[in-house]
A.B. asks: 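I am attaching a structure below and will ask some questions about it afterwards.
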There are 2 protein chains.
Amino acid sequence: MAQEGTSTSPGSPEVTAAELAECRADRDPFQWDVREDCQVRQILDRIADKWSLLVIALLDEKKLRFGELGREIDGISKRMLTVTLRNLERDGLVSRTVYPEVPPRVEYELTALGRTLLATTQALVTWTEEHQDQIAEAREAFEAANADPVAG
Amino acid sequence: MAQEGTSTSPGSPEVTAAELAECRADRDPFQWDVREDCQVRQILDRIADKWSLLVIALLDEKKLRFGELGREIDGISKRMLTVTLRNLERDGLVSRTVYPEVPPRVEYELTALGRTLLATTQALVTWTEEHQDQIAEAREAFEAANADPVAG
DNA sequence: CAGGATCCGAAAGGATACTG
DNA sequence: CAGTATCCTTTCGGATCCTG
């Protein structure tokens, strides 16, 4: 573990295409390449970062404006909507179109790449929907088993 | 957005089976049920919480002990391994077996539920591996386009 | 060996005010 | 409208020490 070793880089999470090649190599054949410095982790963090998946899901329907997304996604702050969209745009999953009008209008829509991701994430959502009852059961069982027997 | 409305519950992220029913209902037919208070978000947060997916991937091979997992997952701290395993156990994705020996031995393995999740997440990892080059390109293009033209 | 408890720095994220 | 910049609170997570 990382108890004493300080070889992990806490700095920039950026990974360039050049680094990917060697990152892909020298792994156990069976294991995913999911070390901290690798892409899988980067992408996973992106789609799982609390809002991205929601934005992608919404943009599947139709292109939406900044404010529309904000109103659609209950609970998100203006700040987080901005950073989420920037990250998605940066990864080429969402495109941003600014119309030189006043007041300004900015529309976001999925790229082709973004649509392929959507298909995959939908499988995950489907899995969750199909198993949420089992998970809820497991949680209740776990809670019951670990209910403090002393304080009761 | 949540600028003035304070209806969002910042407290416990717990959801019981009872709440799920109504959570599933009254949604736009096309949209996933991914509000903060719903399961999809809960599960997503779980599998994306930096270590869970890695643990699940490792346990696919064979059951492993606490220390083995720690040594296998480079960069994880003892504390995070513990909380990660507890969460997975709580959700019924991983089972924990304690052998009454001394020194103690604890083995973790995937449950049937955990294995079905693995299959799904693998699709996501596959997608990432297949598209990481495109994403890397997009990032470099984005970085180039947004390179501060003044400070240059 | 397998953790639990505690402390504390780092990072995420909301609220607010301001801008083109 | 669509952000940006700043402040400030909450959360995450590593380090350390302790226990069965």
Side-chain angles (χ1 to χ4, degrees), chain A residues 1-13 36 41 45-46 48-52 54-55 63-90 94-108 146 148 150, chain B residues 1-13 36 41 45-46 48-52 54-55 63-90 94-108 146 148 150:
Chain A
M1 300 184 218
Q3 226 65 325
E4 41 216 47
T6 326
S7 57
T8 51
S9 60
S12 72
E36 295 186 61
R41 288 297 320 283
D45 286 353
R46 172 75 62 253
D49 70 347
K50 186 165 179 119
W51 302 117
S52 294
L54 214 23
V55 169
K63 56 171 62 174
L64 289 172
R65 302 179 54 172
F66 183 87
E68 291 175 324
L69 282 167
R71 256 167 277 118
E72 206 77 43
I73 305 175
D74 189 62
I76 198 172
S77 67
K78 197 185 293 190
R79 190 175 104 75
M80 285 316 293
L81 181 55
T82 299
V83 316
T84 300
L85 287 169
R86 283 293 169 284
N87 285 334
L88 292 174
E89 185 193 359
R90 174 185 140 92
V94 161
S95 69
R96 176 174 179 268
T97 308
V98 184
Y99 295 88
E101 307 170 355
V102 40
R105 179 164 57 100
V106 179
E107 287 186 346
Y108 294 89
N146 294 41
D148 193 343
V150 188
Chain B
M1 304 187 215
Q3 226 64 328
E4 40 215 49
T6 326
S7 57
T8 52
S9 61
S12 72
E36 294 186 61
R41 289 296 320 283
D45 286 353
R46 172 79 58 252
D49 72 347
K50 185 165 180 116
W51 301 117
S52 294
L54 215 21
V55 169
K63 57 171 61 174
L64 289 173
R65 300 180 56 171
F66 184 86
E68 292 176 322
L69 282 167
R71 257 167 277 118
E72 206 77 43
I73 305 176
D74 187 64
I76 197 172
S77 67
K78 196 186 289 190
R79 182 173 162 325
M80 285 318 292
L81 182 56
T82 300
V83 316
T84 300
L85 286 169
R86 282 294 167 284
N87 285 334
L88 291 174
E89 185 194 359
R90 175 185 140 90
V94 161
S95 70
R96 176 173 178 269
T97 309
V98 184
Y99 295 88
E101 308 171 354
V102 41
R105 179 164 58 100
V106 180
E107 286 186 344
Y108 294 89
N146 293 41
D148 194 340
V150 188

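Values reported hereafter were calculated over all heavy atoms of this structure, with side chains retained and with hydrogens, waters and symmetry mates removed. Every chain is numbered from 1, with letters handed out A, B, ... down the list of sequences. Quantities reported herein were computed from a predicted structural model and do not represent experimental measurements.
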A.B. asks: So, is Arg65(A) close to the dC1(D) phosphate, meaning a side-chain N or O under 4.0 Å from OP1 or OP2?
C.D. replies: no

A.B. asks: For Pro103(A) and Val83(A), take the nucleotide of DNA chain C holding the closest heavy atom to each; which residue's nucleotide lies nearer the 5' end?
C.D. replies: Val83(A)

A.B. asks: I want to check something: taking the side chain as every heavy atom from C-beta on, are Arg79(B) and Thr82(B) in contact at a cut-off of under 4.5 Å?
C.D. replies: no

A.B. asks: So Leu88(B) and Ser52(B), do their side chains get closer than 4.5 Å, heavy atoms only?
C.D. replies: yes

A.B. asks: For dC12(D), does either OP1 or OP2 sit under 4.0 Å from a side-chain N or O belonging to Arg79(B)?
C.D. replies: no

A.B. asks: Given Glu107(A), which partner from the list Lys63(A), Arg65(A), Arg96(A) fulfils the salt bridge (Lys or Arg N to Asp or Glu O under 4.0 Å) test?
C.D. replies: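 Single pass found, and it is Lys63(A).
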
A.B. asks: What does Tyr99(A) touch in the nucleic acid at a heavy-atom separation under 4.0 angstrom: a base, only the sugar-phosphate, or nothing?
C.D. replies: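 Touches nothing.
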
A.B. asks: What is the distance, to the nearest angstrom, from the CG atom on Leu85(B) to the P atom on dC1(C)?
C.D. replies: 16 Å

A.B. asks: Rounding to a whole Å, what distance do you find between Asn87(A):CG and dA11(C):P?
C.D. replies: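 Those two atoms, CG and P, are 16 Å apart.
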
A.B. asks: Respond yes when some side-chain nitrogen or oxygen of Arg86(A) is under 4.0 Å from OP1 or OP2 of dG3(D), and no when none is.
C.D. replies: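 Answer is yes, contact under 4.0 Å.
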
A.B. asks: For the pair made of CD in Glu107(B) and C1' in dC1(C), what is the distance, rounded to whole Å?
C.D. replies: 13 Å

A.B. asks: Without decimals, in angstroms, what is the distance between Lys78(A) NZ and dG3(D) C1'?
C.D. replies: 7 Å

A.B. asks: Which listed nucleotide (dG3(D), dG3(C), dA2(D)) is nearest to the side chain of Arg96(A)?
C.D. replies: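 Within the option list, the nearest is dG3(D).
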
A.B. asks: What is the distance, rounded to the nearest whole Å, between atom CG of Leu69(A) and atom C1' of dG3(D)?
C.D. replies: 14 Å

A.B. asks: To the nearest Å, give me how far apart OH (Tyr108(A)) and P (dC1(D)) are.
C.D. replies: 14 Å

A.B. asks: How long is the line joining CE of Met80(B) and P of dA15(D), in whole Å?
C.D. replies: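 So the two atoms are 12 Å apart, to the nearest Å.
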
A.B. asks: Go through dC1(D), dT4(D), dG3(C) for me and flag the one nearest to the Pro104(A) side chain.
C.D. replies: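 Taking heavy atoms from C-beta onward, the closest nucleotide is dC1(D).
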
A.B. asks: dG3(D), dG14(C), dG14(D): which one has an atom nearest the side-chain heavy atoms of Ser77(B)?
C.D. replies: dG14(D)

A.B. asks: If every non-hydrogen atom of Val55(B) is compared with every non-hydrogen atom of Thr84(B), which pair is closest and at what distance?
C.D. replies: CG2-CG2, 4.0 Å

A.B. asks: Counting C-beta onward and ignoring hydrogens, is there a side-chain heavy-atom pair between Leu85(B) and Leu69(B) closer than 4.5 Å?
C.D. replies: yes

A.B. asks: Just the rounded figure in Å: distance from P of dG14(D) to CG of Leu81(B).
C.D. replies: 11 Å

